[in-house]
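Report on one structure; see the data block that follows.
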Amino acid sequence: MQIFSTITQQLHAPQFEFFRGERVPCFETPSRINIILKEVAARGHQVTNATLDSQHIIECLHSPRYISFLQNAWPEWLRLSLNNVDKQPFPAVWPVRTLRTDRVPENFIAKLGFYSMDNGTPISAGTWLAAKNAADAAYSAADFINQGAHSAFCVTRPPGHHAGYDFMGGYCFINNAGIATEALRKFGCSRVAILDVDYHHGNGTQSLFYERCDVFFTSIHGDPRTEYPFFLGYEDEKGLGEGFGYNLNLPLPAGSTQTQWFNAFDHALNAIRRYQPDALVVSLGLDAYCEDPISTFALSHTDYLTIGKLIGRLNRPTIFILEGGYAVTALGINAANVLEGFENS
Ligand code: SP5
Ligand code: ZN
């Protein structure tokens with residue numbers, strides 16, 4: 001399978017995040033990409049650096065002021081103090097109910113709260129460039145499909161499925177799956193399905209397409225009653241207006257078994273078959289794996305072969321986009337297994 005990746009991913013390298021009241025090393029690291037690239041190359045897949053400029057597609061999905069915030073965030077942080085060069089900005093205040101969202105604050109820390117859903121999405125010097133190039137890879141993959149290819153895999157970071165129209169969250173800044181989807185639509189696909197198998201609900205992706213029937217979104221994830229992102233991902237979210245019936249959430253209790261997971265997966269696949277999409281975008285989070293340090297599902301190495309095989313049987317042009325997955329040493333095998341299952345389906 002053709003792999004699209006980016007060199008600049010390594011420039012997004014924040015050091016810390018908060019976990020149970022403590023500052024801990026980031027789970028979402030550059031090594032995730034390196035280990036996947038090593039394994040897919042060893043199994044004979046072709047890796048190229050993405051080159052197309054996705055700016056016009058980014059502008060279809062995200063607000064102008066949010067894009068300019070992302071672009072200027074690191075320089076603004078340094079403008080507060082040059083000592084900030086080896087420190088990390090974090091939001092501290094959010095405009096929750098009763099607070100105003102009709103005025104964009106001028107204070108940088110206030111802007112961080114305004115444009116983020118959590119304090120778990122740290123920014124570093126190279127974040128904008130890395131996020132922009134990950135979006136470029138998603139766009140390049142859509143272009144590749146448009147030229148007649150059957151599949152592509154974006155081995156990119158930062159991930160994207162938690163990022164919405166004007167906010168970041170969950171390690172995500174630009175919604176890469178949304179970029180691929182929007183690009184496929186522009187290239188002439190009438191209907192695109194998005195299948196999100198990350199452990200966490202893809203709240204950003206769902207929200208971007210919630211009122212549209214030209215994009216079907218389905219997701220299998222930890223139940224938001226107890227799992228991040230908590231405030232979206234319930235089964236009663238079915239879409240709005242023209243989009244009603246084109247959103248399918250399949251939350252599973254934390255600690256669910258392989259059997260439970262594959263039952264939900266079967267539901268998702270059948271719904272995609274009924275939708276008859278021209279193309280498929282897979283938000284390929286690998287954090288439903290049993291050893292993932294922040295998740296509670298039980299999938300094995302061979303389950304990822306099965307996932308690839310069952311997706312392949314949908315027999316649609318398919319773009320896989322890496323999302324989460326933090327059991328770093330297992331990511332190469334799990335990612336490559338999905339591709340192997342897909343190609344032998
Ligand atoms: C792309 C992606 O996978 N983003 C995930 C962001 C999750 N951030 C919050 C993590 C909260 C972890 N809770 C751990 C419970 C430990 N059992
Ligand atoms: Zn995840």
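Read the numbers this way: they start at 1 and go in the same order the structure lists the ligands and their atoms. Note that the coordinates shown come from a computational prediction; the quantities given were computed from them, not determined experimentally. Worth knowing before you read on, the calculation uses all heavy atoms, side chains too, and leaves out hydrogens, waters and symmetry mates.
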What do you reckon, does H200 have a nitrogen or oxygen under 3.5 Å from a nitrogen or oxygen of ligand 1?
->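 N/O-N/O distance under 3.5 Å: yes.
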Going by distance only, is there an N or O of G170 that falls short of 3.5 Å from an N or O of ligand 1?
-> yes
Check each heavy atom of [X] against ligand 1 and say whether those closer than 4.0 Å belong to the side chain, the backbone, both or neither.
X	value
D118	neither
E28	neither
E227	neither
D287	side chain

Ligand 1 contacted by P159 (non-hydrogen, < 4.0 Å) | yes
Does some non-hydrogen atom of the protein lie less than 4.0 angstrom from atom 11 (C) of ligand 1?
->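 No, there is no protein heavy atom closer to it than 4.0 Å.
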Are the side chain of [X] and the backbone of [Y] linked by a donor-acceptor contact shorter than 3.5 Å?
X	Y	result
Y210	G239	yes
N337	N334	no
N72	S68	yes
T8	L11	no
D136	D53	no

Using only heavy-atom distances, determine whether the side chains of N133 and Q9 contain a donor-acceptor pair under 3.5 Å.
->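 There is no such pair (donor and acceptor under 3.5 Å, judged by atom type) between the side chains of N133 and Q9.
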So do the side chains of Q2 and S151 get within less than 4.5 Å of each other, counting heavy atoms only?
->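 In short, these two side chains do not touch, never coming nearer than 4.5 Å.
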Hey, does Y246 have a side-chain heavy atom less than 4.5 Å from the side chain of R212?
-> no
From the options Y326, F19, Y199, select the one whose nearest heavy atom is closest to atom 3 (O) of ligand 1.
->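 Ranked by closest heavy atom to atom 3 (O) of ligand 1, first place is Y326.
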So, R157 and E28, do they make that salt bridge, N to O below 4.0 Å?
->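 E28 and R157: salt-bridged.
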Got a salt bridge between E340 and R43, using NZ or NE/NH1/NH2 to carboxylate O under 4.0 Å?
-> yes
Which protein heavy atom lies closest to atom 17 (N) of ligand 1, and at what distance to 0.1 Å?
->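 Its nearest protein heavy-atom neighbour is R20 NH2, 3.3 Å.
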Closest non-hydrogen protein atom to atom 7 (C) of ligand 1, residue and atom name please, with distance?
->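 Going by distance alone, atom 7 (C) of ligand 1 is nearest to Y228 CD2, 3.7 Å.
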Angle at the Zn ion (ligand 2) between OD2 of D198 and OD2 of D287, to 10°?
-> 90°
If you count the atoms of ligand 1 from 1 in the order shown, which ones are under 4.0 Å from a heavy atom of G324?
->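 Numbered from 1, ligand 1 contributes 1 (C), 3 (O).
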Numbered atoms and elements of ligand 1 in range of H161, under 4.0 angstrom, heavy atoms |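 Counting from 1, the qualifying ligand atoms are 1 (C).
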The Zn ion (ligand 2) - name of the N/O/S atom of H200 that sits closest to it = ND1
